[in-house]
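Any value given below was found using the heavy atoms of this structure, including those in side chains, with hydrogens, waters and symmetry copies removed. Keep in mind that what you see is a predicted model, and the values were worked out from it rather than measured.
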Amino acid sequence: MSTPNTLSPSANLLIEVFTEELPPKSLRRLGDAFSEGIYSHLKHAGLAGDDSIVTSYATPRRLAVHISHVLSQAPDYPVREKLLPTSIAFDADGKPTAPLLKKLSALGYADIDIATLEKSGEGKNEALYLNITAKGASLQDLAQTALIQTLNKLPIAKMMHYQVLQKNGALADVQFARPAHRIIALHGNHSLNISALGINASNQTEGHRFLAPGVITIASADQYESALQADAKILPSFNKRRQFIETALLKAAGDDLVLMPDSLLDEVTALVEWPAIYECHFDNEFLEVPQECLILTMQTNQKYFALTDKQGKLRNRFLIVSNIQTDKPAAIISGNERVVRPRLSDARFFFQQDQKRTLAARVADLGKVVYHNQLGNQLDRTLRVQAIASGIATQLGVDDKLANRAAEIAKTDLLTDMVGEFPELQGIMGRYYATHDGEDTEVASACSEHYMPRFAGDALPTTQTGSILAIADKLETLVGIWGVGLAPTGDKDPYALRRHALGICRLLLEKNLALHLPKLIELAKAQFPQKDVQEKAKAEDIYVFILDRLRAYLKDQSVGGKPFTSAEIDAVLSQSPTQLNDLIDRLTALREFNALTEASQLAAANKRISNILKKTTTAIPAMCSKALLHNPAEIALYQALENISPALSLAYEQRQFVELLKALVALSQPIDQFFADVMVMDPNPELRDNRLALLQQLHQKMNLIADLGKLA
């Protein structure tokens, strides 16, 4: 069925649902979904168009949307609906059949004159069509449907069930995120007669719970925001309220830096309707505690904004966002200072208690912590990571002493009181406690750095030991979890194996570590005695999985501001590189080679050679025999390849990829002449196999760093 056309706008629409305090962590998402839901219903019905401006509002106690250019009545529109083939629609006497009547009834046109239906097509393709002008939707009717369906589809994690007293005295069962009290539905200055959640719409809402309690009347849709700000002490726009808070925090911080992660800003914005910023302090003695602990305590438990100096050192002053604006904030300030003090005291207590026992002394206790029911406990895991880290150090040609020690104690901070209270501090506290215990600085750093990168774009370890342990830790997780049958499927990746694989890629590539990836996977696999892991964790599958993550990573890389193309990436990765540290160099060289005049010809020739070799069913000799070459063109190609082979080998060994690819230009003319003059699949099997051997050697030399045929 065709959709209605949009005509000129008539008035602006406002719909608000006023509730008890909504879940703060999902308020922004709820506001956006509410606005989009109402607008999409109106647009689909032809009551709003692309020129309509949608403004979303969300405060702790309301969801609202203002939409411009909304029609009160959508225009009528033509409908052409295919019904049935005429052979089915009519019987032998030309009378309508039961299927046709049923179809018309289902569409709401049971009383239509059959003679008005259109026949179109010829022979067996002739069909019956409904051609009418349909009545456009009315806003009065559509707004009711739009509101109810939008409310039912909001992304609410957990519904509240409650009852609403109706005008007839009966109780109605209702479910929503929080109990609703009022609904506004205004088209211009006209109230729409709609209802939802057991409430009839009006033009009234309520003001700030403390600063402007009571009922507020909204005269028209366009006065909503200004009326709430002036009369109700409400900043209804989530984005404007967030911007106000951010600006006010920066101003209040003065010369200091304010720590305001997006998640905290969003949550605080969702907790206040009329924000006010106040400065508070805590005792200097708490600064003896690692500042990450204090910052996390303030942010997580109290929703406060910590301040640091320009060097990043925590100050003993912090900022709060209150929902009450007053000229006498002393009580608010002292109350918040009083509340935060025991939280900081707890952090100090945990820190002091944890330092009474070294990390090394906690290693044995890791055996009491289950890691995975099929993979043993955390001590088992620690021993596996130790062995992998030691093997990596050996491959890199460095002493494995530091990596071994770091792997031994890296997970022991999981057993401390501080990390038990704040799991987000794992690794961070390990570094502090390892330093306190007198561990080597690299070992201490590795206790924190082995989690890096924690997310896309995160920093990498700064120490060699941290990098080694990070790779070992991620490999152990990847191989172990894969081995118990929990490889990622679709969107499901509960153990973040994709993130671990990407982390391994970044560490190998960005840290320029010349490690053999397949050997690393086998090294990790060898540490698992479990039969299931040995059977299911197929090294080739894990290798391909890692390369898939690498492919996505490389698409975000560029040279000269120009991202690498899919063809360039495929050309390099199709060679199944065992070392990843030189991939950017290969891609950069490939980009430079591709700009040469001869590049397209060489790429096409390479692709042709690949196809010939793929179709060959007989065994090809390992080496081409010069004595069997007769045609001048094949002799010339053989000689050209012999001439440049030493230079190609040297350039490859020295990782001079640009020079290597440019040297291939010398083969351009001999290859062209070869295919012009030589029949590869000669009837003489000896000549044929020798020519295939020549092409195979040529193919290998041309594709030392990338499959050039992928560029054709």
Side-chain angles (χ1 to χ4, degrees), residues 384-404 406-407 446 450 452-453 460-461 463-483 497-498 500-528 533-534 537-554 557 569-587 589-590 648-657 660 700 703-707:
R384 292 193 293 265
V385 173
Q386 267 189 293
I388 298 169
S390 179
I392 293 173
T394 300
Q395 286 190 36
L396 289 174
V398 299
D399 190 346
D400 68 348
K401 181 180 178 182
L402 294 179
N404 220 319
H450 80 280
M452 296 177 173
L460 296 181
T463 65
Q464 185 180 61
T465 303
S467 297
I468 291 172
L469 190 54
I471 296 172
D473 186 69
K474 290 168 175 58
L475 272 173
E476 192 279 340
T477 301
L478 181 55
V479 172
I481 298 302
W482 194 290
L497 298 192
R498 293 187 179 96
H500 286 305
L502 179 58
I504 292 169
C505 293
R506 286 191 59 199
L507 285 161
L508 294 176
L509 202 154
E510 295 179 32
K511 285 295 179 179
N512 193 24
L513 300 177
L515 292 167
H516 194 283
L517 181 56
K519 288 182 180 178
L520 290 182
I521 298 171
E522 291 290 358
L523 171 65
K525 184 177 176 180
Q527 310 314 315
F528 291 88
V533 175
Q534 292 300 317
K538 298 185 183 304
E540 57 270 25
D541 292 344
I542 296 173
Y543 171 75
V544 170
F545 176 75
I546 294 175
L547 283 198
D548 283 342
R549 297 301 97 206
L550 178 61
R551 189 181 305 276
Y553 168 80
L554 291 175
Q557 308 307 305
I569 295 170
D570 287 344
V572 170
L573 295 188
S574 65
Q575 299 301 87
S576 300
T578 57
Q579 293 185 6
L580 309 185
N581 59 310
D582 59 14
L583 289 185
I584 297 296
D585 291 339
R586 293 184 183 221
L587 285 165
L590 203 59
L648 294 178
S649 299
L650 181 62
Y652 184 76
E653 290 173 6
Q654 297 178 349
R655 292 302 190 251
Q656 296 175 342
F657 299 136
L660 186 154
Q700 291 169 349
N703 295 336
L704 282 172
I705 68 168
D707 183 351

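Looking at residues two or more places apart in sequence or on another chain, you find no side-chain hydrogen bond (donor to acceptor under 3.5 Å, both in side chains) involving Asp548. In this view, His500 satisfies the side-chain hydrogen bond (donor to acceptor under 3.5 Å, both in side chains) rule with no residue, not counting sequence neighbours. For Gln654, the side-chain hydrogen bond (donor to acceptor under 3.5 Å, both in side chains) criterion is met by Gln656, not counting sequence neighbours. Listed by chain and number, the residues in a side-chain contact (heavy atoms from CB on, under 4.5 Å) with Ser576 are Tyr543 (sequence neighbours excluded). Under the ring-ring contact (aromatic ring centres under 6.0 Å, His included) criterion, Phe528 pairs with no residue, sequence neighbours left out. With sequence neighbours excluded, the residues forming a side-chain contact (heavy atoms from CB on, under 4.5 Å) with Ala706 are Ala571, Val572, Leu590, listed by chain and number. By the side-chain contact (heavy atoms from CB on, under 4.5 Å) test, Ala406 pairs with Val443, Ala446, Thr465, Leu469, sequence neighbours left out. With sequence neighbours left out, Asp400 forms a salt bridge (charged side-chain N to carboxylate O under 4.0 Å, His left out) with no residue at all. Among residues two or more places apart in sequence or in another chain, the side-chain hydrogen bond (donor to acceptor under 3.5 Å, both in side chains) test is passed with Asp585 by none. Not a single salt bridge (charged side-chain N to carboxylate O under 4.0 Å, His left out) links Arg549 to another residue, sequence neighbours left out. By the side-chain contact (heavy atoms from CB on, under 4.5 Å) test, Ser574 is found to be paired with Asp707, Lys710, residues two or more places apart in sequence or in another chain being considered.
Note on residues 501-511: pairs passing side-chain hydrogen bond (donor to acceptor under 3.5 Å, both in side chains), not counting sequence neighbours, are Arg506-Glu510, Glu510-Tyr553.
Ring-plane geometry between Trp482 and Phe545 is classed as perpendicular, the angle between the planes exceeding 60 degrees on a 0 to 90 degree scale with a lower cut at 30.
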